[in-house]
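Residue numbers count from 1 along this sequence.
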Amino acid sequence: MKLGFFAKEALQSVRRNAVPSAAAVASVLLTVMVLGVFIPIVQTATGAANEVRGKVLVDVYLKKDAKDADVERVRQELTENTRYVGKVEYVSKSEALQRERKKNPEAYELLGSNPLPDAFRVTPDDPANAPKLRDELSPVTASGARSTIDPAIDEVRNRKDDTQKLLTITGAIKWVTGLLAVLLVLASVLLISNTIRLSLYSRRREVEVMKLVGATDWFIRWPFVIEGIVLGVLGGGTAVLLLLVGKIAIVDPFASNFPLIGTPETLGFGALAALLLVASVAVSAIGSGLSLRRFLRV
């Protein structure tokens, strides 16, 4: 019976303060919408960056006249005598040609001979050690030029630069999104807090009388807490519905053409919707709690 009473009081308060309540709902809606859009974006960007980061390689190209004995000597040098090596894969010139023909068959059909060298693709033990591994395989001489650890090695290349750029962009996205989310959450808390405060102010005499006749703080507090939760559910639920419409109308049709959009590494929509609803209710409850403390001191 008390729960029904509290809910009735909360709904009446929402109706009496329609304009502030609408502003609070809009604030929650905007916050949840932004979070609902940016959480998958950040997850996708981070997943792509981590995937690329995990494929950081140091390519060791052999000279065109390298013999089988040279290949085995370099392999032994890489696997036994070189630091920062995690995995070593040998790619012969014929295998490299087959791979490139699959990617661009027309261009490679015009070639009369195989221009690709034998190579080793070396995965560092840690992606951050890729520059160190390159320095191990191709140290800088006193003159500033680079040499190689074996005369059969023609060139050593490091793919770290592209990965680092992607990680930098991902980090910037995280910071911008995090800052925007914090600002929107604060705005939602303050708006909901002001809405509850207006409701309390309009009923301050009633609250004072209830306190004087012995009503507990929680008996007075519950209708306003429920009011905040109602505002959070309205804003969060509306945002989730709009996100669902956007997913069905925009994201799903493009997912098959753009694998990055449909990546399975992102949070499922059901879990994301539940997370956003819980967050909207939590933000609203916090806003309600902040506005109640001063008014309950009679």
Side-chain angles (χ1 to χ4, degrees), residues 42-174 258-260 263-266:
V42 172
Q43 280 190 304
T44 300
T46 303
N50 290 337
E51 183 178 354
V52 174
R53 195 170 188 267
K55 294 180 180 179
V56 172
L57 298 174
V58 175
D59 295 317
V60 179
Y61 296 101
L62 304 183
K63 293 180 179 178
K64 293 184 178 180
D65 58 351
K67 303 295 188 294
D68 291 343
D70 298 323
V71 173
E72 290 304 316
R73 186 178 67 253
V74 173
R75 186 198 304 273
Q76 184 176 3
E77 184 71 27
L78 292 173
T79 56
E80 297 180 7
N81 302 324
T82 306
R83 295 183 298 170
Y84 311 117
V85 173
K87 178 183 176 183
V88 176
E89 178 190 4
Y90 173 67
V91 181
S92 66
K93 59 178 70 178
S94 58
E95 184 179 353
L97 181 63
Q98 291 177 0
R99 292 182 181 181
E100 293 301 324
R101 274 179 174 170
K102 289 181 180 179
K103 297 178 183 178
N104 196 348
E106 295 180 358
Y108 278 86
E109 285 297 332
L110 300 175
L111 296 175
S113 61
N114 185 356
L116 302 175
D118 296 319
F120 285 97
R121 291 183 175 175
V122 185
T123 304
D125 54 1
D126 187 318
N129 289 332
K132 297 179 182 178
L133 176 57
R134 184 193 179 188
D135 292 338
E136 286 281 318
L137 299 173
S138 181
V140 179
T141 62
S143 62
R146 284 190 177 273
S147 61
T148 58
I149 60 173
D150 190 281
I153 297 176
D154 181 45
E155 185 181 6
V156 178
R157 291 182 185 176
N158 178 16
R159 304 184 188 182
K160 178 72 175 175
D161 293 341
D162 292 338
T163 305
Q164 192 59 46
K165 290 178 182 177
L166 183 56
L167 292 174
T168 302
I169 293 172
T170 306
I173 292 174
K174 286 182 179 179
F258 298 93
L260 191 62
T263 176
E265 298 299 324
T266 56

Output the distance between atom [atom1] ([X]) and atom [atom2] ([Y]), rounded to the nearest 0.5 Å.
X      : Y      : atom1 : atom2 : answer
Asn129 : Tyr84  : CG    : OH    : 6.0 Å
Arg73  : Gln76  : CZ    : CD    : 10.0 Å
Lys64  : Asp154 : NZ    : CG    : 8.5 Å
Gln98  : Ser92  : CD    : OG    : 7.5 Å
Phe120 : Asp59  : CZ    : CG    : 12.0 Å
Leu97  : Leu116 : CG    : CG    : 6.0 Å

Taking all heavy atoms of [X] and all of [Y], pick out the closest pair and write down the distance.
X      : Y      : result
Tyr90  : Ala119 : CD1-O, 3.5 Å
Pro117 : Leu62  : CB-O, 3.4 Å
Pro139 : Ile149 : CD-CG2, 4.2 Å
Ile153 : Thr148 : O-OG1, 3.5 Å
Val156 : Arg134 : O-NE, 3.6 Å
Val91  : Glu95  : CA-OE1, 4.0 Å

Would you say the side-chain atoms of Asp118 pair up with the backbone N or O of Lys93, donor to acceptor, closer than 3.5 Å?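 Confirmed, Asp118 side chain pairs with Lys93 backbone.
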Would you check if [X] and [Y] make a side-chain contact, meaning some heavy-atom pair closer than 4.5 Å?
X      : Y      : result
Thr82  : Glu77  : yes
Asp125 : Val85  : no
Val88  : Thr123 : no

Determine, for Glu136 against Lys132, whether the closest basic-nitrogen to carboxylate-oxygen distance falls under 4.0 angstrom.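 The answer is no: the pair does not qualify as a salt bridge.
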Assess whether atom CG of Asp68 is packed by more than 12 heavy atoms of other residues, nucleotides or ligands within 6.0 Å.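 No.
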Taking it one step at a time, do Leu57 and Arg157 satisfy side-chain contact (heavy atoms from CB on, under 4.5 Å)? CA-CA 9 Å; Leu57 298 174; Arg157 291 182 185 176; over 6 Å; no
